[in-house]
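Heads up: the structure comes next, in structure tokens.
Residue numbers count from 1 along this sequence.
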Amino acid sequence: MLFSRVEGLRKSISSTPIAFIKKSAPRSAKVNNLMLSRNMATEPTIRPSCPNFSSGPCAKRPGWTAGDAYADAATGRSHRSKLGKAKLKEAIVLTGEVLGVPDDYKIGIVPASDTGAIEMAMWCMLGAKGVDMCYWESFGKGWLTDVKNQLKLEDVREFTADYGELPDLSKTDPDRDIVFTFNGTTSGVRVPNLDWISDKRSGLTFNDATSACFAMHIDWTKVDITTYSWQKVLGGEGGHGVLILSPKAVERLESFTPKNRPLPKIFQLSKKGKLIDGIFEGATINTPSMICVEDYLDALNWAKGIGGLSALIARSNANLAAISKWVDATPWAHFLAKDPAHRSNTSVCLTLDADPAIVKKIVADLESLQVAYDIGAYRDAPPGLRIWCGATVETSDIEALLPWIEFAYAKHTAA
């Protein structure tokens, strides 16, 4: 009896094809692409429920409808009315609660999105000290250009790196002002933490966190000026920015007046040596869209309802993890960010083993199939994909998108 069982097992093994009992040898990229084109010749059957993967304005929160979100909007009412002021003040209070902003910091709603917020901060406060400009993608480089060509500051040091890299930020000087981008929206490279910022600094830190707020932990003791737009991680509407000031930043505003630098009304944060405090109580510099304010309130209340900042960060991390798992298993797809610790969990940037023209065809194909909108790399970045993975994006939609990328890649590389 025992012999017959052993003999049967031996025959079963001897009849098994060798490919199933011997680990396959590494295949070339050409062979991989050929096998992929055969395996992915048919369209996937599952589509993302929401194909909106734009990096700004970003996808609305799950379940969002205009009817629900705007039901209580103060449309047709003045932003100076009791109702309008209450809405704006509520947005400021909820922002502080969700982000965990210290009570002695100031939060204001300002015009012109994140660009307006960071520009007014630089125009009002830079020049009291030398400044270290840190950039590794297009927007940070834009702030450098304005500091040198518009503000015409002379004592400027640059800390820069190519796309996909992060400069050595530990070489910045705590006795100088520091301007940096927490997360490079166009490069997919973020600072892993703020340990490189000194607790004993005399300079101010300017933190452009537009695609980091609500998705990454920010140590508020390390930042003096933080800016963002609610069109990013919370999926709000464009046109409005948020400016968060530490007590040190307020002190700079009240003690420093830039020489020979006229400031238009839209940039003015102080008057006669005092902070214009109304800006940080809901009395905006100019007229905001009350529809946009209501949309932001809807997003903030959704964020609180799912568990606040920790839940938002977890959702973004889960989306990044889904793409990381796929990249690990896909030989022709790569993160633009070389170091895993530097990889964004919001603006995830990938390069593909394909000519730029083919990458454009892949992006166009996915849009025409209504599977993914706006996932092409930023115009100044290396050719590739940029997939928004912020908290309003469902992980199931990321997972549904990836086979479609494989399908489009196979289609256009096999041609």
Side-chain angles (χ1 to χ4, degrees), residues 48-64 94-95 97-101 114 137 139 166 181-194 207-220 223 226-236 242 296 298-328 335-337 339-350 372-375 378 385-402 405:
S49 297
C50 177
N52 298 334
F53 299 101
S54 163
S55 292
C58 303
K60 310 302 282 185
R61 64 161 175 83
W64 181 94
L94 283 175
T95 295
E97 290 180 4
V98 175
L99 287 177
V101 178
D114 176 66
E137 50 94 52
F139 285 99
L166 197 65
T181 305
F182 198 108
N183 179 77
T185 311
T186 67
S187 68
V189 175
R190 56 163 292 178
V191 294
N193 54 59
L194 299 178
N207 170 31
D208 172 6
T210 194
S211 55
C213 274
F214 300 104
M216 304 173 194
H217 174 70
I218 296 174
D219 182 348
W220 295 103
V223 290
T226 295
T227 65
Y228 70 91
S229 168
W230 56 49
Q231 63 157 309
K232 295 291 187 182
V233 177
L234 290 187
V242 175
Y296 183 46
D298 175 78
L300 287 167
N301 282 308
W302 167 76
K304 284 190 67 176
I306 65 170
L309 183 61
S310 61
L312 296 172
I313 293 173
R315 287 176 63 88
S316 296
N317 285 343
N319 292 335
L320 172 60
I323 292 185
S324 296
K325 181 179 179 181
W326 178 76
V327 168
D328 287 344
F335 281 100
L336 182 57
D339 188 333
H342 299 165
R343 290 173 186 165
S344 171
N345 64 351
T346 56
S347 54
V348 177
C349 297
L350 305 175
Y373 296 132
D374 311 316
I375 65 168
Y378 190 72
L385 306 180
R386 181 172 58 156
I387 304 170
W388 184 255
C389 289
T392 57
V393 175
E394 298 279 27
T395 303
S396 58
D397 284 337
I398 295 290
E399 293 171 338
L401 167 63
L402 299 174
I405 296 175

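Side-chain contact between I387 and I405: present, with at least one pair of heavy atoms (C-beta onward) separated by less than 4.5 Å. Looking at D219 and N193, their side chains never come closer than 4.5 Å, going by heavy atoms from C-beta outward. Counting only heavy atoms from C-beta outward, the side chains of I323 and F335 approach each other to under 4.5 Å. Residues L336 and V189 are not in side-chain contact: their nearest non-hydrogen atoms beyond the backbone lie 4.5 Å or more apart. When side chains are defined from C-beta on, L194 does not count as touching N207, because their heavy atoms never get closer than 4.5 Å. S49 places a side-chain heavy atom less than 4.5 Å from the side chain of D397. Considering only heavy atoms from C-beta on, E137 comes within 4.5 Å of T181 through its side chain. For the pair L385 and F53, the minimum side-chain heavy-atom distance is 4.5 Å or more.
Residues C50 and A59 share a closest heavy-atom pair of SG-CB, 4.5 Å. Closest approach of A391 and S316 over heavy atoms only: N-OG, 3.2 Å. Across all their heavy atoms, W326 and L350 have their closest contact at CZ3-CD1, 4.0 Å.
In this structure, the separation between CD1 on I375 and OG on S54 is 11.0 Å, given to the nearest 0.5 Å. For the atom pair L234 CG and K60 NZ, the distance stands at 10.0 Å (nearest 0.5 Å). Rounded to the nearest 0.5 angstrom, T185 OG1 and R190 CZ are separated by 12.5 Å. Separation of atoms CG (L94) and CG (L300) is listed at 5.5 Å; rounding is to 0.5 Å. With rounding to the nearest 0.5 Å, the separation of CZ in R61 from CG in D298 is 4.0 Å. To the nearest 0.5 angstrom, L320 atom CG is 6.5 Å from C389 atom SG.
With hydrogens and angles ignored, the 3.5 Å screen pairs a side-chain donor or acceptor of N319 with a backbone N or O of V393. In this structure, S347 contributes its side chain and T186 its backbone to no donor-acceptor pair below 3.5 Å. Side chain of K232 to main chain of C58: no donor-acceptor pair is present (N/O by atom type, distance under 3.5 Å, no hydrogens or angles). Formation of a donor-acceptor pair under 3.5 Å by the N345 side chain with backbone atoms of A215 is found in this model.
The aromatic rings of F214 and Y296 sit perpendicular, their planes meeting at an angle over 60°, well past the 30° parallel limit.
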Apply side-chain contact (heavy atoms from CB on, under 4.5 Å) to T392 and W302, showing your working. CA-CA 10 Å; T392 57; W302 167 76; 4.1 Å; yes

As a quick check of understanding, evaluate side-chain contact (heavy atoms from CB on, under 4.5 Å) for L312 and I306, giving each step before the final call. CA-CA 8 Å; L312 296 172; I306 65 170; 3.8 Å; yes

Apply side-chain contact (heavy atoms from CB on, under 4.5 Å) to I218 and C213, showing your working. CA-CA 8 Å; I218 296 174; C213 274; 3.8 Å; yes

Under the side-chain contact (heavy atoms from CB on, under 4.5 Å) criterion, do S211 and M216 qualify, and how do the steps go? CA-CA 9 Å; S211 55; M216 304 173 194; 5.9 Å; no

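No more than 12 heavy-atom neighbours from other residues, nucleotides or ligands sit within 6.0 angstrom of CZ on F139.
Considering only residues two or more places apart in sequence or on other chains, R343 meets the salt bridge (Lys or Arg N to Asp or Glu O under 4.0 Å) condition with none of them. Looking at residues two or more places apart in sequence or on another chain, you find no ring pair (Phe, Tyr, Trp, His ring centres under 6.0 Å) involving F182.
For residues 305-325, the set of pairs meeting the salt bridge (charged side-chain N to carboxylate O under 4.0 Å, His left out) definition, not counting sequence neighbours, comprises R315-E394.
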